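Since this is a predicted model, take the numbers as computed values, not measurements. Letters A, B, ... are given to chains in the order of the sequence lines, protein chains preceding strands, and every chain is numbered from 1.
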Amino acid sequence: MIIRQITAGEPDAGTRLVARIVETEAYLPLVDPSCHAYRGPTKRNASVFGRPGTAYVYFIYGNHFCLNVTTERPGIGAAVLIRAAEPLEGIEAMRRRRPGVADSRLASGPGNLCRAMSIDRADDGVDLSSGDLPIEPAQQGSGRLLVGPRIGLSVAASWPLRFFDPDSKSVSASRVGRELEQCDRLAR
DNA sequence: TGGCAGATTTTA
DNA sequence: AAAATCTGCCAA
């Protein structure tokens, strides 16, 4: 679960947004050329080298934010990209941030998720085990978890490091049928 | 479904 | 200059 307590000064201040994470991608330490940490620290990626459970939020394509959770001890550099979530609480506030979008798609995709849950630069480097943006174990899931190739990469894209709930309507890529074929290919 | 704008950060 | 962990809009 990802939880956002909207801070004072923002629209819907005090509102609690809750969503069940249904899609993630792993970016591995040391060996993964698609991991932002691969080429060493820069000003932008500093927080991916933080202690486990740190938020690494970066701005991409001039338009979108993406939320990652660090996984390794300080200085190593690896994270899980939170790609999609299913809205559970505070749906009105999410709709105001994503006008005209169906509820199941409010946080469908890494940029969409950040938009719906008001995640931006201000969250980069925060501790995700507490505070205004905690991540907690989900109370329930559909029971299935599939693994497939990562999305949107030009290198190491085929590594099976994307994890998603095939029964959720909120996964980003939307055509689960094709995903299943890819998983099948990987299995052979 | 496919192509493109949008506009920041890094150098792949 | 070009590419990058993307999305929404438009045309067909």
When you look at A:Asp12 and A:Arg96, which way does the salt bridge (charged side-chain N to carboxylate O under 4.0 Å, His left out) test go after all the steps? CA-CA 9 Å; A:Asp12 308 294; A:Arg96 278 190 278 278; 2.7 Å; yes

Grab the NE2-C1' distance between A:His64 and C:dG8 for me, whole Å please. 8 Å

Would you tell me if any nitrogen or oxygen in the side chain of A:Arg83 comes within less than 4.0 Å of OP1 or OP2 on C:dC6? yes

I'd like the P distance from C:dA3 over to B:dC4, given in whole Å. 14 Å

Validation: residues 49-62 of chain A side-chain donor-acceptor distances under 3.5 Å, sequence neighbours left out:
residue	atom	partner	partner atom	Å
A:Thr54	OG1	A:Arg51	O	2.6
A:Tyr56	OH	A:His36	ND1	2.7

Is A:Tyr27 stacked on the base of C:dT5, with ring centres under 5.5 Å apart and planes under 30° apart? yes

Answer yes or no: does a side-chain N or O of A:Ser154 lie under 4.0 Å from OP1 or OP2 of B:dA12? no

Charged N to carboxylate O under 4.0 angstrom, A:Arg150 versus A:Glu25? no

Is any side-chain heavy atom of A:Pro149 less than 4.5 Å from a side-chain heavy atom of A:Trp159? no

C1' gap between C:dT5 and B:dA12, integer Å: 13 Å

Just grab all the salt bridge (Lys or Arg N to Asp or Glu O under 4.0 Å) pairs involving residues 57-72 of chain A, residues at least two apart or on different chains. none

A:Tyr58 (side chain) and C:dT5 (base): donor-acceptor pair under 3.5 Å: yes

Euclidean distance, atom CG of residue A:Asn68 to atom C1' of C:dC6 [Å, nearest integer]: 13 Å

Is there a donor-acceptor pair under 3.5 Å between the side chain of A:Ser172 and the backbone N or O of A:Ser108? no

Under 4.0 angstrom, heavy atoms only, what part of the nucleic acid is A:Leu81 near: base, sugar-phosphate, or nothing? base

Using both pair distances under 3.5 Å as the test, note the stems of at least 3 consecutive Watson-Crick or G-U pairs that include DNA chain C. B:1-6 with C:6-11, B:8-11 with C:1-4

Check whether A:Phe164 forms a cation-pi arrangement with A:Arg144 (NZ or CZ under 6.0 Å from the six-membered ring centre, at most 45° off the ring normal). no

Can you list every pair that meets salt bridge (Lys or Arg N to Asp or Glu O under 4.0 Å) and has a residue in residues 35-44 of chain A, with sequence neighbours left out? none

Roughly how many Å is it from CD1 in A:Ile60 to C1' in C:dA4, rounded to a whole number? 4 Å

Would you mind reading off the distance between A:Arg105 atom CZ and C:dT7 atom C1', rounded to a whole angstrom? 12 Å

Does anything in residues 111-122 of chain A reach DNA chain B, meaning a heavy atom under 4.0 Å, and if so which residues? A:Arg121

Measure from OH on A:Tyr61 to C1' on C:dA3 and round the result to the nearest Å. 8 Å

Rounded to whole angstrom units, what separation is found between the CG atom of A:Leu153 and the C1' atom of C:dT5? 6 Å

Does some side-chain heavy atom of A:Leu106 sit less than 4.5 Å from a side-chain heavy atom of A:Arg95? yes

Are A:Thr71 and A:Val80 close enough that some pair of their side-chain heavy atoms sits under 4.5 Å apart? yes

With the side chain counted from C-beta on, respond yes when A:Thr24 and A:Arg83 share a heavy-atom pair under 4.5 Å apart, and no when they do not. no

Work out how far the C1' atom of C:dG8 is from that of B:dT9, and round it to whole angstrom. 22 Å

Quickly work out the A:Arg98 CZ to C:dG8 C1' distance and round it to whole Å. 9 Å

Please tell me if the side chains of A:Tyr27 and A:Leu153 come closer than 4.5 Å, counting only heavy atoms from C-beta onward. yes

note: A:Tyr56, atom OH; B:dT9, atom P; distance rounded to Å ~ 11 Å

Going by heavy atoms closer than 4.0 Å, what residues in residues 33-52 of chain A are next to DNA chain C? A:Ser34, A:Cys35, A:His36

